[in-house]
There are 2 protein chains.
Amino acid sequence: MPAPQSLDSFDRAILAILQKDNTTPQRAIGEAVNLSAPAVQRRIKRMEETGIIRANVALVDPAKVGHPITLFVEVEVESERAELIDAAKRGFIALPEVQQCYYVTGDADFILVVTVATMAEYEALTRRLFFENNNVKRFRTFVAMDRVKVGLEVPVG
Amino acid sequence: MPAPQSLDSFDRAILAILQKDNTTPQRAIGEAVNLSAPAVQRRIKRMEETGIIRANVALVDPAKVGHPITLFVEVEVESERAELIDAAKRGFIALPEVQQCYYVTGDADFILVVTVATMAEYEALTRRLFFENNNVKRFRTFVAMDRVKVGLEVPVG
DNA sequence: ATCCAGACGAAACAAACTTGCAATCAGATG
DNA sequence: CATCTGATTGCAAGTTTGTTTCGTCTGGAT
């Protein structure tokens, strides 16, 4: 019965705005998309309830809060047994330094995005994460020199 | 000039909250950190002005808006001449499908996070991005099977 | 043709944000 | 040691924004 009701063009227009700035007043959004403020508000609420909008957050500049180093790590595991993979996932999720973690196909099994204050901190992290974990076969690190584009915006046009 | 004035523990506590949910009322934040609402508001404003808070955005579930596929792409270029690198950066920034782009050291030069609706769309994208660009030597794709952890939260503890 | 469900807008209402102001505190200066 | 200066605070008033209510309209099914 809950027809997941795909988004119409109003919803998409609203999402496009909120993904750029979710402090935009509903009245302003309404003017932009030709809808009243209450209509905008009801649509936003529905999208939050259905999980289309996953969260509303402030984006922080890592360098300005003492985390100037961003790293990518490709991790290859020894065994892909489900329980070992799940354990690895839980381990990555638990670490605040691991900003993002994806389980992928290809030459690696996991790709991590890590943010740290110093290389020493990263070195300590690798020790705990990889060397002490004997299901990790191999890992490869890339150091970000330039965060050219960083966001989680999804095209909705 | 405003000395960049490092953050105190109030600022960090506020950031921790806003990175999880920036719709939290300032009054509630105030209670959590033992400050009045106006004090919280002034600190937030200052952090926005100094760029510590880069943006306030809604996070959208890509799968629910028709972008179920997330990919990682390692790109290696032929020449690292500054102007060619800059041109590449501009090209990546311009593409909405490219969610994130980092310029990195290591076996690759760029790492991209790409979100698309279908593999056909990705194939078309690679054609435009890589095959028609003769400064791209090689690229390698990883398909995300599980978005284990996705966020841009920076530890501030 | 009628009914029903869903969505809308206008206006009233409630909550949150913002600003002005006086008081407080820390560090620098005489 | 007193004082001055600058920054930050809390409170209270003022303003903006979010939320609810209610009556209307549309489209689809009976």
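Bear in mind the structure is a predicted one, so any value in this text is a computation, not a measurement. Reminder, nothing fancy here: chain letters follow the sequence lines and each chain counts from 1. We use all heavy atoms of the structure for the numbers below, so side chains are in, but hydrogens, waters and symmetry mates are not.
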| What's the CD-C1' distance between A:Glu31 and D:dT16, to the nearest Å? | 14 Å
| request: Verify, without hydrogens or angle tests, whether A:Asn135 (side chain) and A:Ser79 (backbone) share a donor-acceptor contact under 3.5 angstrom. | output: yes
| message | So if I take the C1' atoms of five pairs at each end of the helix from C:dA1-D:dT30 to C:dG30-D:dC1 and get each local axis, what angle do the two axes make, rounded to 10 degrees? | response | 20°
| request: Check the side chains of B:Asn56 and A:Asn22 for a donor-acceptor pair under 3.5 angstrom, ignoring hydrogens and angles. | output: no
| query | Whole-Å distance between C:dA7 C1' and A:Phe10 CZ? | reply | 11 Å
| query | Is there any ring pair (Phe, Tyr, Trp, His ring centres under 6.0 Å) pair reaching into residues 21-43 of chain B, and which pairs are they, with sequence neighbours excluded? | reply | none
| request: Could you check how far CG of B:Asn34 sits from C1' of D:dT8, rounded to whole Å? | output: 16 Å
| note | For A:Phe92 and B:Lys149, the nearest pair of non-hydrogen atoms, with its separation, is O-NZ, 3.9 Å
| Is the side chain of B:Arg140 donor-acceptor paired with the backbone N or O of B:Val73 at a distance under 3.5 Å, no angle test? | no
Return a table of donor-acceptor pairs under 3.5 angstrom between the side chains of residues 29-37 of chain B and protein atoms on other chains or two or more places apart.
| residue | atom | partner | partner atom | Å |
| --- | --- | --- | --- | --- |
| B:Ser36 | OG | B:Ala39 | N | 3.4 |

| query | In B/S/- notation, 5' to 3', how is nucleotides 12-23 of chain C contacted by protein heavy atoms closer than 4.0 Å? | reply | ----SSBBB---
| message | Without decimals, in angstroms, what is the distance between B:Asn56 CG and D:dT17 P? | response | 15 Å
| query | Which residues, ordered by chain and number, are linked to B:Val150 in its hydrophobic cluster, where ILVMFWY side chains connect at heavy-atom gaps below 4.5 Å, directly or through other members? | reply | A:Val57, A:Leu59, A:Phe72, A:Tyr102, A:Val104, A:Ile111, A:Val113, A:Phe142, A:Val150, A:Leu152, B:Val57, B:Leu59, B:Phe72, B:Tyr102, B:Val104, B:Ile111, B:Val113, B:Phe142, B:Leu152
| request: Starting at atom CD1 of A:Ile29, determine the distance to atom P of D:dT16, rounded to an integer number of angstrom. | output: 18 Å
| said: Can you measure B:Arg46 atom CZ to D:dG6 atom P for me and round it to whole angstrom units? | reply: 18 Å
| field | Which residues share a side-chain contact (heavy atoms from CB on, under 4.5 Å) with B:Ala16, sequence neighbours left out | value | B:Val156
